[in-house]
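Notes to accompany the following structure.
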Amino acid sequence: MQDASRSLTRRNFLKVGAAGAAGLAAAGAMTGCDAWLGAAPQQAAEEKTVYTLHQFMCTGRCSLKCTVRDGRLAMIQPNDTVDPYYRHVCMKGISEIQHVYSDERLQTPMRRVGKRGDNEFEAISWDEAIKTVGDELRKAWGKYGKQSVYMSASNEPRFGFLPALLGCATGVEPGIDRGTGNGSAPAIGGDVFGGGTCESRDWVNTKTLIVAGANLLESSMMQSNTFLDAKKAGCDIIVLDPHFSTTASKASQWIPIQPGTDAAFYLGMTSYILDNKLYDEAYMREHTSFPFLLDEATGKLLRTGAPWGTDEETGEPVDPGDFLVWDGAADAAVPYAEAVATAALEGTYEVNGAKVITVLESLKRNQKPFTCEWAEGVTGVPTETIQEVARKYATAGPAFLAFGQGGSDKYSNPDIIGHAGMVLTALTGNIGKPGCGIGHTIGGAGYSVALGEWKLPEQFKPAELDVRADRFPNDNGGVHVIISLGNTFQQYWANMNKTREWIDSLDFIVHIGMYYEDTVRYADIVLPVCSKFEDTVEHSIVRSDYNHVNLQTKCIDPLFDSKPDFDVMRLIAEEMGVGDYLPKTAEELVRYQIEHSEDLAEQGITLDALVKNHGSIKMAGTDEPRRAYTDQVFETPTTRIEPYYEAWTACDQAWPTWEENNEAYAGNPLADKYPLQFTQTRTRFSNHSHFKAAKWLQQFAKPTLELNPVDMEARGIADGDLVEAFNDRGSFKCTARANNAIRPGSSRTWEAGWSKYIEEGNTQNVTNDHVNPRDAFLPTGAPIPFNDTLIEVKKA
Ligand SMILES: Nc1nc2c(c(=O)[nH]1)N[C@H]1C(S)=C(S)[C@@H](COP(=O)(O)OP(=O)(O)OC[C@H]3O[C@@H](n4cnc5c(=O)[nH]c(N)nc54)[C@H](O)[C@@H]3O)O[C@H]1N2
Ligand SMILES: Nc1nc2c(c(=O)[nH]1)N[C@H]1C(S)=C(S)[C@@H](COP(=O)(O)OP(=O)(O)OC[C@H]3O[C@@H](n4cnc5c(=O)[nH]c(N)nc54)[C@H](O)[C@@H]3O)O[C@H]1N2
Ligand code: SF4
Ligand SMILES: [Mo]
């Protein structure tokens, strides 16, 4: 193998034609890839067992037991030394024994020889490739400045130090996975959408679990046991989903909902709870801003201090002081600290000549139009069902609102969902108590500890850009060079045809990746990295999450002419003259992270201990599920839940207020042309676009467009037909699949398919890149509304 890979470092001309896979297959033959794909030897001269850490984007971060025979990965099993509750592997993990040796692997550094996008490359040496990258970076720095370089990174690659070292910006994430969180964060001052207010193990204490816009039995497979344990313990699991998902099929109740209308469902629930006084008054007085007074005319909260604004003489901002509440006994407005237990929750009063109302009163007024009957009209869910869920949520005991990141999060205005969820939480006190909570629990949301942080000198800081990465195609944001890690050109931008035009306008693109995925074709220089099984050192990753500390360990040497992430990052840093600020090796970094972690020291966890414990240690103190806010102290200025967003009066969302989607809504005239909503979901067969090259898996996961038989019949489409899906942005062609689980009027595909495995085009060609004008108010900016997309489908 070594000899074969070395043969590729010769400057042999490797042309990867339009049929990219075929081109690389030829390269594969050169490196003996076919031999690698032969059956593993039953008798090996040398066999060893290695325990190592796998992927984290799937939220599994499984510790695996790998059998290596004669330097070849031969078998993958779960780490059998791990606590059985956390002992797991999925078929993606098992299939790595083929995936790692796939003929889709990028094998050698390459340089583009044809036009950008034409997919023609020649093999070059690492020296030449890195020198070219350096020359291009220096050229861009001289011409436009350092901020003209952008590192566009998928979640798995580990190049964390590079943006600071190069002074370039990174972080395309803002538009992704925080749509709902945008609306909930202001209420408690914390990001519950990085992983709920408590762990999913706590669901055994939950009476009513609402799983909405999540298919966690596929997207958080390794926490399936927490879901099933809860069900066994009697938890009523209600799944809100337009489609009959895997998770819906295992729940107590499936509530089919019109896509993109979850906010209306919660607004209906809120009205029912208000009308029937199912809220917890004592909780609201003590732990929320519901008793605060606000000026009816302006929507401003009343404070003890001077009016808001700046002091006329000093120009300094005025400290507005404490919030005012109405004290019934005193018949006067007083600072809330003086009337915590007695403050009026309702009513209209007069203070200094101004008409004032309580925050709760204000909510009631805002809710007037949002009756359960109205919600039925929008969501298609019967009034009685909304009422029943509201009654259970408010009165049946601990309740949990588990929002997803892949479904309802990916429309134009999911912040209204997050905000409405927080209103429900504040009304009922379903937070900080066993079995209660809100937020994303994809991944289990257990305990983790801080690792030691390798600090770069002060002068090294990533650049900050005024424009978000997914907006580059509108206005290139001053960016002319992209360092691309993973498949972000496909994954992080909707409306791919527009993305392509922008890509054409860039000066230079270096792509650093493992597989021949869509982004590669746009690169000027390609640098091949290796999988987490291959390494040049023993250990290059340590991670702490889901109640464990896990260590990655080398199984095999780097395949072909690929290099580990750390080594590539270091080569680029050295070329730019800043390599010395990095640890010498990834192993030195791992040691540093472990040895400089106070938390790990406290737990007595060392690198030696991790190695001795087969790469995985369950942390002490994690037997009870993690719960946040058990003291009911929140991260807001008042330490209470503040469901009223005073600052959002300017965008008419001080209270969650219904707003149609941008595209996928009933009555949109565009629906005459493109009547089908287009849902993209994750699948257990891949981590987004990763594992699309795992052939053993993909034979069962061919890209399809799933449609309800009713919609197929209306279009004369039969199961297995080749169809074209299209709208004004673009189109793609793939096989149609009949599925009764799909909501009529909607369609579904597994996101992240590579163009080469789709008959024509890419699903991203049709997705919506609309920006909600509320962008500036949202803590992480407007989400990319991938699912807020309308299409039409016809036989191709
Ligand atoms: N195997 C695997 N696991 C993964 C990933 C992966 O790629 N593969 N990716 C990880 C990442 S990055 C993420 S963000 C998470 C996402 O994990 P999830 O949030 O669970 O996302 P999906 O699996 O796409 O499931 C979304 C569900 O929402 C439904 N849905 C669509 N529109 C609506 C709507 O308007 N309302 C409601 N209520 N439901 C709707 C869809 O039908 C689908 O069943 O998964 C993580 N886990
Ligand atoms: N249309 C549509 N688009 C979407 C979504 C959707 O629902 N619909 N979902 C969005 C969401 S939620 C997310 S989070 C993003 C995800 O988008 P990405 O973060 O880009 O996810 P992946 O496609 O999994 O990309 C992971 C990349 O890392 C590579 N990789 C894996 N392991 C390693 C490693 O150890 N080292 C290195 N260097 N590389 C590695 C893989 O080969 C792959 O190229 O996609 C978003 N895009
Ligand atoms: S891909 Fe599968 S085996 Fe690997 S970490 Fe994720 S869930 Fe675990
Ligand atoms: Mo995500």
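Owing to the predicted nature of the structure, the values given are computational and were not obtained by experimental measurement. Whatever order the structure lists ligands and atoms in, that order sets their numbers, starting from 1.
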- Message: Please confirm whether Gln55 approaches ligand 2 to less than 4.0 Å, judged on its heavy atoms.
- Response: yes
- Selected option - heavy-atom contact closest to atom 36 (N) of ligand 2, from Asn765, Asn787, Thr749, Asp565: Asp565
- Does even one non-hydrogen atom of Gln405 get within less than 4.0 Å of ligand 2? no
- Counting each atom of ligand 2 from 1 as listed, which ones have a heavy atom of Tyr492 under 4.0 Å away? 15 (C), 19 (O)
- Would you call Arg105 and Glu534 a salt bridge, taking side-chain N to carboxylate O under 4.0 Å as the test? yes
- Message: I'd like the name of whichever of His688, Glu517, Met514, Met57 reaches closest to atom 43 (C) of ligand 2 through any heavy atom.
- Response: Glu517
- Nitrogen or oxygen atoms of Lys410 and ligand 2 under 3.5 Å apart: no
- Find all atoms of ligand 1 within a distance of less than 4.0 Å from any non-hydrogen atom belonging to Asp177, and give their numbers and elements. 12 (S), 14 (S)
- Message: Can you tell me if Leu485 contacts ligand 2 (heavy atom of the residue under 4.0 Å from the ligand)?
- Response: no
- Task: Would you mind telling me if ligand 2 is within reach of the side chain of Lys532, the backbone, both or neither, using heavy atoms under 4.0 Å?
- Result: side chain
- May I ask you to check whether Phe691 and His99 place their ring centers less than 6.0 Å from one another? yes
- Option nearest atom 46 (C) of ligand 2 (shortest heavy-atom distance, choices Gln552, Gln491, Met496): Gln491
- Find out whether the Lys NZ or Arg CZ of Arg543 is both under 6.0 angstrom from the six-membered ring centre of Phe56 and within 45° of the ring's axis. yes
- Query: Are the aromatic ring centres of Tyr266 and Phe403 under 6.0 angstrom apart?
  - Reply: yes
